[in-house]
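Have a look at the structure below, then the notes.
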2 protein chains.
Amino acid sequence: MTDRIHLGLTADMHVHLRSGNMMKLIAPTVREGGVSIAYIMPNLVPPVTTLKQVIEYKKELEALAPKTTFLMSFYLCKEITPELIDEAAKLGAIQGVKCYPAGVTTNSSQGVDPNDFTPFYPVFEALERNNLVLNLHGEKPGSHEEDIHILNAEPEFLPALVKLSRDFPNLKIILEHCTTAKAIETVDLIHQENPHSKVAATITAHHLSLTIDDWAGNPINFCKPVAKLPSDRRALIEAATSGKPYFFFGSDSAPHPLLSKARHVGVCAGVYTQSFALAYLADAFEKVGALDKLKGFASDFGRSFYNVKSVVCNDEVVLVKREVVVPEAFGNNELTVVPFKAGKLLNWTVEWTK
Amino acid sequence: MTDRIHLGLTADMHVHLRSGNMMKLIAPTVREGGVSIAYIMPNLVPPVTTLKQVIEYKKELEALAPKTTFLMSFYLCKEITPELIDEAAKLGAIQGVKCYPAGVTTNSSQGVDPNDFTPFYPVFEALERNNLVLNLHGEKPGSHEEDIHILNAEPEFLPALVKLSRDFPNLKIILEHCTTAKAIETVDLIHQENPHSKVAATITAHHLSLTIDDWAGNPINFCKPVAKLPSDRRALIEAATSGKPYFFFGSDSAPHPLLSKARHVGVCAGVYTQSFALAYLADAFEKVGALDKLKGFASDFGRSFYNVKSVVCNDEVVLVKREVVVPEAFGNNELTVVPFKAGKLLNWTVEWTK
């Protein structure tokens, strides 16, 4: 068995780096975790909705992590106009727009109504003509009346994905951090119906490992969308290791201060995986004998989908078979973040080569 | 609408009072919450398995709460013999034996294998001949191989309940704290098949209110069995308010120190409802216009099933329509317990009359 895996330029196409002190702590960990290119989520407070904000945010990140290539995004809301998209595209300021249904996860209170995307169709047309990406948080908001809860919120969203894929056959759409067998099946069906479809799905590292039993009673593993059943996890592993180019890596690494996790009410949703992103993946792929599929999933497919032509640093990632123990926590007394699988042994370590 | 509900001698047939300082804090709250008769769970550390233990435990409880009638139980394990059951029955020391599948909830590590109850059949025969109760925690332990997880653990257990009910048609069996529509349906089917069946099910107050979305991110609402889907909750409400005598109240009130709840890993399972047990129930019953069914559920059916002939205090419970705010916490700096619906308004208050 090989003990070195050359991954080239790796891409994590769903990254939360936050702002302020958390950003300062976390931005450097993108590279530590083995990621060359990171697509950055815009759900700051306030959300990233202007050219000025997105350009400044990128500058801050580049100052903290000069060897990491940052791809940037806007937060979909009524401030995002087709004209703004055209201008941002011309400047190369963004690679996509993230759509959060209102109220489904951290800082999503300003999101859109997933029952009716039509008010945003002019924006989607602008994305399409500029070859930019629409990133979907694919969950319906919970509703007692409609029997929508955290387990079926993603399946209930899928008809909206199918409709969008038909209404915008040339729009690059990503169903982000998908968590259900039903989502995998739907994305596959979209590609069977239209082999030229530009619909893709990202899969996190932690959803290859977690099921509902792992976050019940362990808030550190609680995220949105929540990890589902063993059968769902099997479908995610199968998709990630399938070699299909429309399934690729987006960690959805989402750091929260320990104080926001160790609470009896109001636990923040998010699993922090950035510091060991590639190592978690390697363990999951190795477990099913699919290490040969890792480069496609973690490097090639995402880069190709986003059409990434240049990077700020050409160092390449090599995974080396060398054990490492995930620390119990990062940071300091003022700001502590507990990583996924804290205290556990991982089998692979990241090295960078010229 | 009535603003006083006479409930007579109320019965909470599933109560965790713990030991030591927690017991001292919680035992008096049985009466505060409006409960005359409480059936006490034996999952202490070590579990209650001897006559000496159960007699001493009862004495301790009676010293702390002299007006509460305590019904006692043994913890099913290999130390529990038919001879012990016969002797305990003769002394009136216990009213039943609680069976925990190994590893499913707080202090259940010494539980039994729910895939094969036959080693305990002689004990069940002893319970049957002494007219004592077998209390089942009806969940299969989680298993990746068998695809058993916290959502299907109860449905997967139900065939074992059906088998027991057929093998011991004269044994009083309770499926404790049932949480799924499937469980309600199965208990109904058992009674359709055998109208003389002695199978019953307890339902908690919190499962009439919670669904999965309420405990995801709120460890204070996390318990085992976990609250399930809105459709399950509807089935529980329907059963509780059905007037069927084989569905009655067992709060499964399970206090944990706040420090065991406000954790990022290893949150203890249990919802504490004792202090407002009857008020929570009244709110749930009122919401569906079924206050006239409350006395059967919370007083008559459980007392009749357990054949409770005498109580230590004949004070009776009256629910009065008077608002009360649930405190944010009970106890003191050394031991704080956060109650269910902390900070929320309840519509009914308990009074005791001679």
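Keep in mind that what you see is a predicted model, and the values were worked out from it rather than measured. In what follows, chains are A, B, ... by sequence order, proteins preceding strands, each numbered from 1.
- Between B:Arg233 and A:His144, some side-chain heavy-atom pair lies under the 4.5 Å cut-off.
- Residue pairs meeting the side-chain hydrogen bond (donor to acceptor under 3.5 Å, both in side chains) criterion with at least one member in residues 149-161 of chain A, sequence neighbours excluded, are A:His149-A:Asn152, A:Glu154-A:Thr179, A:Glu154-A:Thr180.
- Ranked by heavy-atom pairs under 4.5 Å with chain B, the first of A:Ala342, A:Ala269, A:Gly266 is A:Gly266.
- Within 6.0 Å of atom CD in B:Glu238, 12 or fewer heavy atoms from other residues, nucleotides or ligands are found, so the atom counts as exposed in its surroundings.
- For the salt bridge (Lys or Arg N to Asp or Glu O under 4.0 Å) condition, the pairs that include at least one residue of residues 140-150 of chain A, sequence neighbours left out, are A:Asp147-B:Arg234.
- For residues 211-224 of chain A, heavy-atom neighbours of chain B at less than 4.5 Å comprise A:Thr211, A:Ile212, A:Asp213, A:Trp215, A:Ala216, A:Gly217, A:Asn218, A:Pro219, A:Ile220, A:Phe222, sorted by residue number.
- Heavy-atom distances place the side chain of B:Val338, and not its backbone, under 4.5 Å from chain A.
- Distance check: B:Leu229 CG to A:Ile148 CD1 gives 13.0 Å after rounding to the nearest 0.5 Å.
- Under the ring pair (Phe, Tyr, Trp, His ring centres under 6.0 Å) criterion, B:Phe285 pairs with B:Phe297, not counting sequence neighbours.
- Taking A:Arg263, A:His264, A:Lys261 one by one and counting their heavy-atom pairs under 4.5 Å with chain B, the maximum is reached by A:His264.
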